[in-house]
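Report on one structure; see the data block that follows.
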Amino acid sequence: MNKTKRNTCRLVFPAKSVNEGFARAAVAAFAALADPTVEELADLKTAVSEAVTNAVVHGYRDYPGDVTLDLALLEGNLLRVKVRDKGVGIADVKLARQALYTTAGDERSGLGFTVMESFCDKVKVASRPGRGTTVTLEKQIRGRA
Ligand SMILES: Nc1ncnc2c1ncn2[C@@H]1O[C@H](COP(=O)(O)OP(=O)(O)O)[C@@H](O)[C@H]1O
Ligand SMILES: [Mg+2]
């Protein structure tokens with residue numbers, strides 16, 4: 001059953017590394033409505049950074065394009081962030097999600113998905129080669145209560 005949305009926001013920006021910081025700040029501002037703890041906010045920002053960085057460096061490694069961020073604050077203070085690119089896509093999502101797996105050689109650690117998983121309650125990856133990738137992150141905001 002779909003949960004009622006208390007608030008939503010969509011952001012579309014070009015896949016440039018300067019926008020990784022912008023995405024972090026935007027998500028933090030949106031999440032503030034749920035009154036998160038400093039730690040919850042830091043975790044969320046880190047996870048979103050990893051997903052946006054992947055869209056920029058892997059998704060659009062060959063050509064420019066836009067990244068779409070869909071934010072939703074759901075019933076019960078569940079925060080959902082969808083990070084979508086229309087880039088190269090991922091042929092084997094299961095393999096890509098494994099710790100230390102990277103297609104970027106020595107430049108990257110291969111820990112992006114592992115970080116997202118450890119800092120969020122749920123991570124979903126939908127991808128089609130040549131069509132793009134959507135990463136959905138969900139985090140339960142418990143706050144200080
Ligand atoms: N948005 C994306 N588009 C295309 N490939 C991706 C995307 N996100 C992740 N990948 C693939 O999954 C691999 C693992 O991602 P990640 O765990 O973040 O490690 P890293 O970014 O350090 O390589 C990447 O090396 C890349 O091959
Ligand atoms: Mg990464």
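Both ligands and their constituent atoms are indexed starting at 1 by order of listing. The shown structure was predicted, so the numbers you read here are calculated from the model rather than taken from an experiment.
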Measuring only between side-chain heavy atoms, which start at C-beta, is [X] closer than 4.5 Å to [Y]?
X      : Y      : value
Glu107 : Thr102 : no
Leu137 : Val48  : yes
Val52  : Asn19  : no
Val125 : Thr133 : yes
Arg80  : Leu74  : yes
Phe30  : Val81  : no

Taking 4.0 angstrom as the limit and counting only heavy atoms of [X], give me the atoms of ligand 1 inside it, by number and element.
X      : answer
Ala55  : 1 (N)
Gly112 : 16 (P), 17 (O), 18 (O), 19 (O)
Gly59  : 2 (C), 3 (N), 4 (C)
Tyr101 : 14 (C), 19 (O)
Ala96  : 12 (O), 14 (C)
Ser109 : 22 (O)

Is [X] in polar range of ligand 1, meaning some N or O pair under 3.5 Å apart?
X      : result
Asp85  : yes
Met116 : no
Ile90  : no
Thr114 : no
Gly110 : yes
Thr102 : yes

Which residue owns the protein heavy atom closest to [atom], what's the atom, and how far is it?
atom                    : answer
atom 4 (C) of ligand 1  : Gly89 O, 3.5 Å
atom 8 (N) of ligand 1  : Asn54 CB, 3.3 Å
atom 25 (O) of ligand 1 : Thr103 N, 2.9 Å
atom 24 (C) of ligand 1 : His58 NE2, 3.5 Å

Flag Asn54 as yes if one of its N/O/S atoms falls below 2.8 Å of the Mg ion (ligand 2), otherwise no.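 Yes, since at least one N, O or S atom of Asn54 sits under 2.8 Å from the Mg ion (ligand 2).
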
Taking 4.0 angstrom as the limit, do [X] and [Y] come out as a salt bridge?
X      : Y     : answer
Arg144 : Asp35 : yes
Arg10  : Asp70 : yes
Glu117 : Arg97 : yes

Does Asp66 offer a backbone N or O that forms a donor-acceptor pair with the side chain of Tyr60 under 3.5 Å?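 The answer is yes, because a donor-acceptor pair under 3.5 Å joins these two groups.
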
Under 4.0 Å, heavy atoms only, figure out whether ligand 1 is touched by the backbone of Val135, its side chain, both or neither.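 None of Val135 does.
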
Side chain, backbone, both or neither: which part of Thr133 comes within less than 4.0 Å of ligand 1 when only heavy atoms are counted?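 For Thr133, the contact with ligand 1 is made by the side chain alone.
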
Tell me yes or no: between the side chains of Glu20 and Ser49, is some donor less than 3.5 Å from an acceptor?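 Absent: no donor and acceptor within the cut-off.
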
If hydrophobic clusters are built from ILVMFWY residues whose side chains come within less than 4.5 Å, do Phe13 and Tyr63 share one?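 Same hydrophobic cluster.
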
